[in-house]
Amino acid sequence: CTSKKNISATKLIAFAQSSQVHPVITLEVTSSVDRPVPASSEVASSSFSLDLSRVLRPITSLVILASGRECAALEVASIPDSRALAMHGKAGSVGTGAGAGMIGLVSTMVKSAPPRHGITSLASPILAAAPLSPRTRFGRGVENGIVSRTKIITGDLSAGPLVALLTADGLIHIRSPFCIAVPLTSIEVGTRPNDFFSLSALPCPSKSVRTRSILATSYGGEARLVSCQAESSQDFADRLIKLSIDAFGSNGFPRLELAEALGATFSATSYSGPEPTAHKRSLLRQYLECELGLSEEVRTYMGNGAF
């Protein structure tokens, strides 16, 4: 609970290590809400009025939580009081006290579900995190005689929203929030001992092609700019063959035939991997479901046909 009156805390998840040693990192990656905002003429004209259409509605967000070496992706729903919704529908604003149009507090309930894919552990403690918006391009579409700009998402998992995690060993890990346990790529920014401690996602320089960039800063005043390039079919083929070897072992599936069909490199095909486990097979399934757009998270946050 908090020290403020009428405000309570909601427990979302429990990590193995105490948050007093490793403060929890919280990051909203994406939200299922994507609705147009009403025109200014649709709201009350009072100077104290507030357009509450942005906040007085249930919102479900995909959130990344991290502490120590552990991180997880879970859904958090914010549900406003139904009485406030009714008041907003009648008057356009919520008022309390004697002053007309004065804005009051709206009771909001927070709900969360356990992480669908559990908690993932990295090799080193997580120091910082930053969200990367989907890599998109825009085209022109015509609907009912109206020309509009349509968002088109390219066809690989790395084109969707991503998360950058900076760990104490000086590595930036790029992962998808839809399958946080599967590493997409790692970039080294700091040498040991590492003094990089902060990550910031930079705005896209162009409206037509969105190149995603991250700024990493260190205690010594050094900064490094990291650009996330589009994933190639070779990257996908090598990752899939390695995940398959982890899941079934080198001889547990037609490795050479799959490698030839995918066009995987010799080094990826020769990867030996650890002993296959049920957990590794689960990771392979998660990855394939996300790549094919079959996972519930992809359908919810990216829309049908997004991938």
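Note that this is a predicted model, so its numbers are computed, not measured.
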message: Tell me the closest heavy-atom pair linking Ala128 and Ser198, and the distance in Å.
response: CB-CA, 4.1 Å
All side chain to side chain contact (heavy atoms under 4.5 Å, CB included) counterparts of Gln229, not counting sequence neighbours: Ser227
message: Just to verify, what does Asp235 make a side chain to side chain donor-acceptor pair (under 3.5 Å) with, not counting sequence neighbours?
response: Ser232
- prompt: Partners of Thr167 by side chain to side chain donor-acceptor pair (under 3.5 Å), sequence neighbours excluded?
  reply: Asp169, His173
field: Residue list, side chain to side chain donor-acceptor pair (under 3.5 Å) with Ser282, at least two apart or on another chain
entry: Gln286
message: Working to the nearest 0.5 angstrom, can you tell me the gap between Glu291 CD and Cys179 SG?
response: 7.5 Å
message: Run the side chain to side chain contact (heavy atoms under 4.5 Å, CB included) test against Ser270 and tell me which residues pass, sequence neighbours left out.
response: Phe266
Between NZ on residue Lys111 and CG on residue Leu12, distance to nearest 0.5 Å: 14.0 Å
field: Ile174 and Ile214, any side-chain heavy atoms less than 4.5 Å apart
entry: yes
task: Compare every heavy atom of Arg224 with every heavy atom of Gly190, then report the nearest pair and how far apart it is.
output: N-NH1, 4.4 Å
query: Which distance, rounded to the nearest 0.5 Å, do you find between the CG of Asp195 and the OG of Ser218?
result: 4.0 Å
field: Interatomic distance, Leu162 atom CG to Cys228 atom SG [nearest 0.5 angstrom]
entry: 6.5 Å
message: Assigning hydrophobic clusters by single linkage (Ile, Leu, Val, Met, Phe, Trp, Tyr; side-chain heavy-atom cutoff under 4.5 Å), is Val189 placed with Leu171?
response: no
- prompt: For atom CZ of Arg285, is the number of surrounding heavy atoms from other residues, nucleotides or ligands below 6.0 Å larger than 12?
  reply: no
- prompt: Taking only residues two or more places apart in sequence, or in another chain, which ones meet Glu188 in a salt bridge (Lys or Arg N to Asp or Glu O under 4.0 Å)?
  reply: none
Side-chain cluster (under 4.5 Å, hydrophobic types only) that Tyr219 belongs to, other residues: Phe197
task: Please identify each residue that fulfils side chain to side chain contact (heavy atoms under 4.5 Å, CB included) with Ser121, with sequence neighbours left out.
output: Glu70
query: Are Leu202 and Val226 connected in a single hydrophobic cluster, I mean Ile/Leu/Val/Met/Phe/Trp/Tyr linked by side-chain heavy atoms less than 4.5 Å apart?
result: no
- request: Start with the C-alpha gap between His117 and Phe178, add the side-chain angles, then the distance that decides, and say whether side-chain contact (heavy atoms from CB on, under 4.5 Å) holds.
  value: CA-CA 9 Å; His117 306 308; Phe178 304 133; over 6 Å; no
Which pairs of donor and acceptor atoms, one on a side chain in residues 238-246, lie under 3.5 Å apart (sequence neighbours left out)?
residue: Asp238; atom: OD1; partner: Gln234; partner atom: NE2; Å: 3.2
residue: Asp238; atom: OD1; partner: Thr265; partner atom: N; Å: 2.9
residue: Asp238; atom: OD1; partner: Thr265; partner atom: OG1; Å: 3.3
residue: Asp238; atom: OD2; partner: Thr265; partner atom: OG1; Å: 3.2
residue: Arg239; atom: NH1; partner: Glu231; partner atom: OE1; Å: 3.3
residue: Arg239; atom: NH1; partner: Glu231; partner atom: OE2; Å: 2.8
residue: Arg239; atom: NH1; partner: Tyr287; partner atom: OH; Å: 2.9
residue: Arg239; atom: NH2; partner: Leu184; partner atom: O; Å: 3.0
residue: Arg239; atom: NH2; partner: Glu231; partner atom: OE2; Å: 2.6
residue: Ser244; atom: OG; partner: Leu240; partner atom: O; Å: 2.8
residue: Asp246; atom: OD1; partner: Tyr271; partner atom: OH; Å: 2.8

message: What I'd like to find out is whether the side chain of Leu127 reaches to under 4.5 Å of the side chain of Asn194, using heavy atoms alone.
response: yes
task: Provide the closest heavy-atom pair for Ala223 versus Leu215 in the form atom of the first, atom of the second, distance.
output: CB-CD1, 4.0 Å
Shortest non-hydrogen contact between Ala66 and Cys71, atoms and distance: CB-CB, 3.9 Å
- prompt: When Ile, Leu, Val, Met, Phe, Trp and Tyr are grouped by side-chain heavy atoms lying under 4.5 Å apart, directly or through other members, which residues fall in the same group as Ile180?
  reply: Ile25, Leu27, Val29, Ile64, Leu122, Ile126, Val163, Leu165
- prompt: Are any of the side-chain heavy atoms of Ile13 and Ile119 separated by less than 4.5 Å?
  reply: yes
query: Closest heavy-atom contact between Ala216 and Ile172?
result: CB-CD1, 4.2 Å
- request: If you link ILVMFWY side chains whenever their heavy atoms are less than 4.5 Å apart, which other residues fall into the same cluster as Leu256? By chain and number, please.
  value: none
query: Between Gly249 and Pro276, which heavy-atom pair has the shortest distance, and what is it?
result: N-CB, 3.8 Å
query: Under the side chain to side chain donor-acceptor pair (under 3.5 Å) test, which residues partner Glu260, sequence neighbours left out?
result: none
